[in-house]
A.B. asks: 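Sending over a structure as structure tokens; questions will come in a sec.
All residue numbers in this chain count up from 1 along the given sequence. All ligand and atom numbering here is 1-based and tracks the order in the structure.
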Amino acid sequence: MKIEKYSTPLELGKAAGTLGAEWIKEAIAKKGEANIILATGQSQFETIETLVQDDSIDWSKVRMFHLDEYIGLPLEHKASFRKYLTERFIDKVNGLKEAVLINGENDPEEERKRLEEKIGRHPIDVAFVGIGENGHLAFNDPPADFDVEDAYLIVNLDLQCRQQQLGEGWFNNVEEVPLQAISMSIKQIMKSDRIICAAPDRRKARAIKDCLTLPVTNMHPASILQEHPECVCFLDEGSASLL
Ligand SMILES: N[C@@H]1[C@@H](O)[C@H](O)[C@@H](COP(=O)(O)O)O[C@@H]1O
């Protein structure tokens, strides 16, 4: 894992999105198409914005997989990650080959199996991920299961995770934040050929220190990224302030 530091979230996002775009184009040149994973949340705003502005990517050769989604949250809710990816990514790129979104309103077990079958046929070239305030990777809160083979899991969300979502302004009160989600598993994320981790903001400083400098442990789920051979972690002054 490599670490790169930038002054602001905007600079961080530009750098992360630019490297991601290069990697997507390399995958298309090599295989004729690229399979990518997109995360959501505040931390991904600038990275996704940079990606969608890159008109040198042939989006008709890109298949996008959705990292995680709340169970039972309607598409119209402002915190819906399906809504986020539709508005910030799918609607902004030209003729995307395919978007494999997680529908958390479907029967969760059936949805999980559908996604599992789909991603099993499409090895991932580039994964874009973030790190939560509790060190989570996707919605794998601590202690995360590093060993489960399933590509997607039905997970419970811990209080710190739910409070982060409230703090970011996606919900009116913590009771409104769903208790469960469908999340890509740690093993599946780690199978990606290349990983771009974008993690700006001072409120992430503790999680960044724990995940990037302490030994790998499932109590700091994103620490597993230290073991990935081609992962670049993009920080800003705030998130890197305890390093
Ligand atoms: N489930 C999302 C992930 O998709 C995201 O990568 C990560 C960081 O989130 P944020 O950008 O809100 O800090 O955790 C969120 O809760």
Side-chain angles (χ1 to χ4, degrees), residues 9-10 12-13 16-17 20 36-51 64-73 77-89 99-102 104 115 124 126-142 144 152-171 174 176-186 188-190 192 195-208 210-212 220-225 228 231-236 238-240:
L10 184 62
L12 176 163
I36 68 170
I37 297 170
L38 286 188
T40 51
Q42 249 179 31
S43 59
Q44 307 303 306
F45 285 170
E46 296 83 6
T47 303
I48 292 180
E49 184 62 26
T50 302
L51 269 186
M64 184 271 283
F65 285 87
H66 176 179
L67 184 68
D68 52 6
E69 180 60 287
Y70 299 104
I71 288 179
L73 197 72
H77 194 289
K78 68 174 172 183
S80 158
F81 292 152
R82 262 190 307 161
K83 178 177 155 74
Y84 176 120
L85 288 175
T86 303
E87 290 175 354
R88 292 177 180 271
F89 180 71
V100 185
L101 293 174
I102 304 172
L115 296 159
I124 300 299
V126 189
F128 293 85
V129 300
I131 296 180
E133 288 174 29
N134 63 357
H136 74 197
L137 192 53
F139 264 147
N140 298 285
D141 288 336
Y152 289 86
L153 309 172
I154 295 170
V155 294
N156 295 321
L157 302 180
D158 73 17
L159 189 59
Q160 194 185 353
C161 168
R162 293 170 65 235
Q163 269 162 346
Q164 172 184 335
Q165 310 305 328
L166 174 66
E168 287 185 15
W170 303 103
F171 296 92
V174 79
E176 204 190 302
V177 186
L179 292 163
Q180 286 194 309
I182 298 177
S183 177
M184 199 173 283
S185 67
I186 298 281
Q188 178 62 45
I189 296 168
M190 289 295 282
S192 311
I195 300 180
I196 303 259
C197 174
D201 209 331
R202 189 164 297 272
R203 66 196 165 82
K204 301 287 177 70
R206 167 55 55 188
I208 292 300
D210 291 345
C211 293
L212 305 194
H220 302 135
S223 65
I224 194 84
L225 294 175
H228 195 282
C231 171
V232 183
C233 204
F234 292 83
L235 308 178
D236 70 354
S239 64

A.B. asks: May I ask you to identify the nearest protein heavy atom to atom 14 (O) of ligand 1, giving residue, atom name and distance to one decimal place in Å?
C.D. replies: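 The closest one turns out to be His136 NE2, 2.7 Å.
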
A.B. asks: Look at atom 16 (O) of ligand 1 and say which protein heavy atom is nearest, naming residue and atom and giving the distance to 0.1 Å.
C.D. replies: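 Ranking protein heavy atoms by distance from atom 16 (O) of ligand 1, first comes Gln165 NE2, 3.0 Å.
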
A.B. asks: Among residues at least two apart in sequence or on other chains, which ones pass salt bridge (charged side-chain N to carboxylate O under 4.0 Å, His left out) with Asp141?
C.D. replies: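 Salt bridge (charged side-chain N to carboxylate O under 4.0 Å, His left out) check on Asp141 returns nothing, list empty.
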
A.B. asks: Considering only protein heavy atoms, which is closest to atom 11 (O) of ligand 1, and at what distance to one decimal place?
C.D. replies: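 Checking every protein heavy atom, the shortest distance to atom 11 (O) of ligand 1 gives Ser43 OG, 2.4 Å.
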
A.B. asks: For atom 9 (O) of ligand 1, find the nearest protein heavy atom and state the residue, atom name and distance (0.1 Å precision).
C.D. replies: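 Answer for atom 9 (O) of ligand 1: Gln164 NE2, 3.7 Å.
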
A.B. asks: Any donor-acceptor pair under 3.5 Å linking the side chain of Lys78 with the backbone of Gly169?
C.D. replies: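 It does hold such a pair.
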
A.B. asks: Going by the rule ring pair (Phe, Tyr, Trp, His ring centres under 6.0 Å), which residues pair with Tyr70 if we only count those two or more places apart in sequence or in a different chain?
C.D. replies: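 In terms of ring pair (Phe, Tyr, Trp, His ring centres under 6.0 Å), with neighbours along the sequence ignored, Tyr70 is linked to Phe81, Phe139, Phe171.
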
A.B. asks: For atom 5 (C) of ligand 1, which protein heavy atom lies nearest, and how many Å away is it?
C.D. replies: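 Ranked first by proximity to atom 5 (C) of ligand 1 is Thr40 O, 3.6 Å.
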
A.B. asks: For atom 2 (C) of ligand 1, what is the closest protein heavy atom, and at what distance to 0.1 Å?
C.D. replies: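 Ranked first by proximity to atom 2 (C) of ligand 1 is Asp68 OD2, 3.5 Å.
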
A.B. asks: Quick one: look up the protein heavy atom nearest atom 12 (O) of ligand 1 and list residue, atom name and how far away it is.
C.D. replies: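 Going atom by atom, the protein heavy atom closest to atom 12 (O) of ligand 1 ends up being Glu168 OE2, 2.6 Å.
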
A.B. asks: Distance alone, cut at 3.5 Å: any donor-acceptor contact between the side chains of Gln164 and His136?
C.D. replies: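 There is no such pair (donor and acceptor under 3.5 Å, judged by atom type) between the side chains of Gln164 and His136.
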
A.B. asks: Hey, does Phe139 come in under 3.5 Å of ligand 1, counting only N/O atoms on both sides?
C.D. replies: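 Not met; the criterion fails.
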
A.B. asks: In terms of relative ring orientation, are Phe45 and Trp170 parallel, tilted or perpendicular, with 30° and 60° separating the classes?
C.D. replies: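 Ring orientation of Phe45 relative to Trp170: perpendicular.
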
A.B. asks: Which protein non-hydrogen atom lies closest to atom 13 (O) of ligand 1, naming both residue and atom, and how far is it?
C.D. replies: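 Going atom by atom, the protein heavy atom closest to atom 13 (O) of ligand 1 ends up being Lys204 NZ, 2.5 Å.
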
